[in-house]
S.K.: 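Take this structure first; my questions come after.
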Protein chains: 2
Amino acid sequence: MRQPVTAADRVLLEIQRAIVEGDIAAGSKISEPELARRFDLSRAPLREALARLERCHLIERIPNAGARVVTLSTTGLLALYQLRENLEGLACKLAAEHMSDAEIAEVRSLLDQHLVSQRVREGESYYQEAGDLDFHYRVILGSKNSYLINILCDELYYLVRMYRVQLGMNGPRVSRAFDEHKAIINAIANRDGELADLLMRRHIAASRRNIEQQLEQMGT
Amino acid sequence: MRQPVTAADRVLLEIQRAIVEGDIAAGSKISEPELARRFDLSRAPLREALARLERCHLIERIPNAGARVVTLSTTGLLALYQLRENLEGLACKLAAEHMSDAEIAEVRSLLDQHLVSQRVREGESYYQEAGDLDFHYRVILGSKNSYLINILCDELYYLVRMYRVQLGMNGPRVSRAFDEHKAIINAIANRDGELADLLMRRHIAASRRNIEQQLEQMGT
DNA sequence: TACATTTAGATTGTCGACAATTTATTCCTA
DNA sequence: TAGGAATAAATTGTCGACAATCTAAATGTA
């Protein structure tokens, strides 16, 4: 988003964070009067924020009956990642066509930075999380397709984060992701869209399996 | 959408139709007070409707500066269809996995109906338009992926229609589309997701070329 | 005349209150 | 006591008015 200028923008960011990080529990009911008091504003900008939260799939609204925070489920996660694999694959293919050499160089230096800070803070998952999202973000922007960018960065991004945060993503996959990122940007640099597509799909599929495993462990 | 229950729902449908059909011109500025008077309601439900219009890419809002109806452009059309090819291709692949035999039979009888009414009303583009959208709609629902359904049916659908309506889609392609639809549902019935995916991508690519041609003619 | 600054107008964002609908409680009946 | 109808409370949807911001006109200056 543009940086927050209106009151609705600000409260949106706050509630988004709260939901993603589980501060407002998944599946819980949203009370407009309560939230209005809590964030000290009227219901008008709050409702504007709720409309946008619905847009990025963090809440579900029913007319005259109110809103609930989404519930996390295995089927939901699968559906989300199924879509992500495809869309980010496409983003890679388009990025291989449309990214400038300068942009590619930027992403590469970004990866190097992340590698350093990851070595410094071994096992710390937050920075990896941020680095990973940053990489994907850049590639998506590189597609230069505004609709694709909007869907991935504005509509699905936060829900993906919600799954990752609330299921506590970390573990041994963290280090391997760097190599996969490297391979992807190399394919893009070689203008090999087909390969970049394939690698990104595999990369996300691996990430999905990682989370599925986490879910299974919680189930047992 | 669920059928309209609230005032915001109703005015949304009205404005949606007006924009798609060019009744409110592409690129024109949206005046909240004016629209409120025109549809005889207050600005609160109107703004709710505007938020949803932004969601389906029919208008663009800038904070404190108002909203404009989107402008149609060749690059925009290309980006939109690029995405559609991919997403509806995916929808086909998933439909081949998830559609029940009963659902497939329904779509087939639907195609037969369309064929009849198309022969009856030769050259009439409206029914073909409706039939085409209906076919795509069914297949998308057959994917059983709620995020995919949401994106295609709620967010991109209206913009696609806007391009098709305002550029006056018809011509010789109309009849060929039936055969392509038949081939796609056959692939789905055979549970051949890969083929269904391919055929749908080609089907949409052909549709895109058709519109591009139309655009070129307008340019010259 | 061209340009910048100031002022006036209009538009968007926000507020508090009321109306309509839903949900929870109470009361009645079998 | 259980089930359902009627009532009460709470929540969502809508309204009109005010405040903040942007746009355009008017004024002044180089």
Side-chain angles (χ1 to χ4, degrees), chain A residues 1-19 23-71 150 154, chain B residues 1-19 23-71 150 154:
Chain A
M1 202 202 319
R2 59 191 176 280
Q3 67 188 24
V5 43
T6 178
D9 290 337
R10 284 190 295 275
V11 75
L12 169 65
L13 291 182
E14 292 196 71
I15 300 180
Q16 244 173 6
R17 189 208 56 75
I19 291 179
D23 205 25
I24 299 177
S28 63
K29 184 156 190 328
I30 295 281
S31 166
E32 291 185 8
E34 184 199 323
L35 282 184
R37 277 194 304 276
R38 177 165 161 185
F39 292 104
D40 194 44
L41 39 64
S42 99
R43 280 175 54 223
L46 178 68
R47 283 170 63 85
E48 170 89 29
L50 291 184
R52 297 193 212 165
L53 286 172
E54 185 181 24
R55 178 174 175 172
C56 56
H57 307 279
L58 291 183
I59 69 172
E60 287 164 357
R61 294 172 99 184
I62 298 173
N64 288 318
R68 301 196 81 87
V69 178
V70 293
T71 58
N150 177 57
D154 298 341
Chain B
M1 201 204 318
R2 62 192 173 279
Q3 68 188 23
V5 42
T6 178
D9 290 337
R10 284 189 295 275
V11 74
L12 170 64
L13 290 182
E14 293 197 70
I15 301 180
Q16 243 173 7
R17 188 208 56 73
I19 291 179
D23 206 24
I24 300 177
S28 63
K29 186 158 189 326
I30 295 281
S31 165
E32 292 185 8
E34 184 199 322
L35 282 184
R37 276 194 305 274
R38 177 165 161 185
F39 293 104
D40 194 45
L41 38 66
S42 98
R43 279 176 54 221
L46 178 69
R47 283 170 65 83
E48 171 87 30
L50 290 184
R52 296 193 211 165
L53 286 173
E54 185 181 25
R55 178 175 175 170
C56 55
H57 306 279
L58 291 183
I59 68 172
E60 287 165 355
R61 293 172 99 185
I62 299 173
N64 288 318
R68 302 194 81 87
V69 178
V70 293
T71 58
N150 177 58
D154 297 342

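Only this structure's heavy atoms are used, side chains among them; waters, hydrogens and symmetry mates stay out. Throughout, protein chains are lettered first and strands after them, A, B, ... in sequence-line order, and every chain is numbered starting at 1.
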S.K.: Return the nearest nucleotide to the side chain of B/Asn64; candidates are C/dC15, C/dG13, C/dT21.
M.R.: C/dG13
S.K.: Between A/Arg61 and A/Ala67 (side chain of the first, backbone of the second, donor and acceptor by atom type, cut-off under 3.5 Å), is there such a pair?
M.R.: no
S.K.: In this structure, how many angstroms lie between the P atom of D/dC22 and the CZ atom of B/Arg61, rounded?
M.R.: 16 Å
S.K.: What is the distance, to the nearest angstrom, from the CG atom on B/Leu41 to the C1' atom on C/dA20?
M.R.: 16 Å
S.K.: Given 3.5 Å as the limit, does a donor-acceptor pair link the side chain of A/Asp9 with the main chain of A/Val5, or not?
M.R.: yes
S.K.: Once you round it to whole Å, what is the distance between C1' of D/dC15 and CZ of A/Arg43?
M.R.: 12 Å
S.K.: Taking only residues two or more places apart in sequence, or in another chain, which ones meet A/Glu32 in a side-chain hydrogen bond (donor to acceptor under 3.5 Å, both in side chains)?
M.R.: A/Arg43, A/Arg47
S.K.: Answer with base, sugar-phosphate or nothing: what part of the nucleic acid does B/Ala44 contact at a heavy-atom distance below 4.0 Å?
M.R.: base
S.K.: Listed in order of residue number, which residues of residues 23-34 of chain A have a non-hydrogen atom at under 4.0 Å from DNA chain D?
M.R.: A/Lys29, A/Ile30, A/Glu32, A/Pro33
S.K.: Write down the distance between CZ (A/Arg47) and C1' (D/dT11), rounded to a whole number of angstrom.
M.R.: 10 Å
S.K.: Once you round it to whole Å, what is the distance between C1' of C/dG16 and CG of A/Asp40?
M.R.: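 That distance rounds to 14 Å.
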S.K.: Measuring to OP1 and OP2 of C/dT14, would you say a side-chain N or O of A/Thr6 lies under 4.0 angstrom away?
M.R.: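 Yes, because at least one side-chain N or O of A/Thr6 sits under 4.0 Å from OP1 or OP2 of C/dT14.
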S.K.: Closest to the A/Ala65 side chain: C/dT22, C/dG13, C/dT14?
M.R.: C/dT22
S.K.: Given side chains that start at C-beta, do those of B/Ile15 and B/Ile24 come closer than 4.5 Å, heavy atoms only?
M.R.: yes
S.K.: Which whole-number value in Å describes the distance from B/Glu48 CD to D/dC15 P?
M.R.: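 Atom CD in B/Glu48 sits about 13 Å away from atom P in D/dC15.
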S.K.: Kindly say whether B/Gly27 contributes a backbone atom to a donor-acceptor pair with the side chain of B/Arg68 at under 3.5 angstrom?
M.R.: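 Pair found, side chain donor or acceptor close to backbone of B/Gly27.
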S.K.: CG of A/Asp40 to CG of A/Leu46: how many Å apart, nearest 0.5 Å?
M.R.: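 Here the interatomic distance stands at 12.0 Å.
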S.K.: Assess whether salt bridge (charged side-chain N to carboxylate O under 4.0 Å, His left out) is satisfied between B/Arg52 and B/Glu48, documenting all intermediate values.
M.R.: CA-CA 7 Å; B/Arg52 296 193 211 165; B/Glu48 171 87 30; 3.3 Å; yes
S.K.: Could you tell me the separation between the CZ atom of A/Arg37 and the C1' atom of C/dC15, rounded to a whole number of Å?
M.R.: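 Roughly 16 Å, once rounded to whole Å.
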S.K.: Please give, in whole Å, the distance from D/dT12 C1' to A/Ile62 CD1?
M.R.: 13 Å
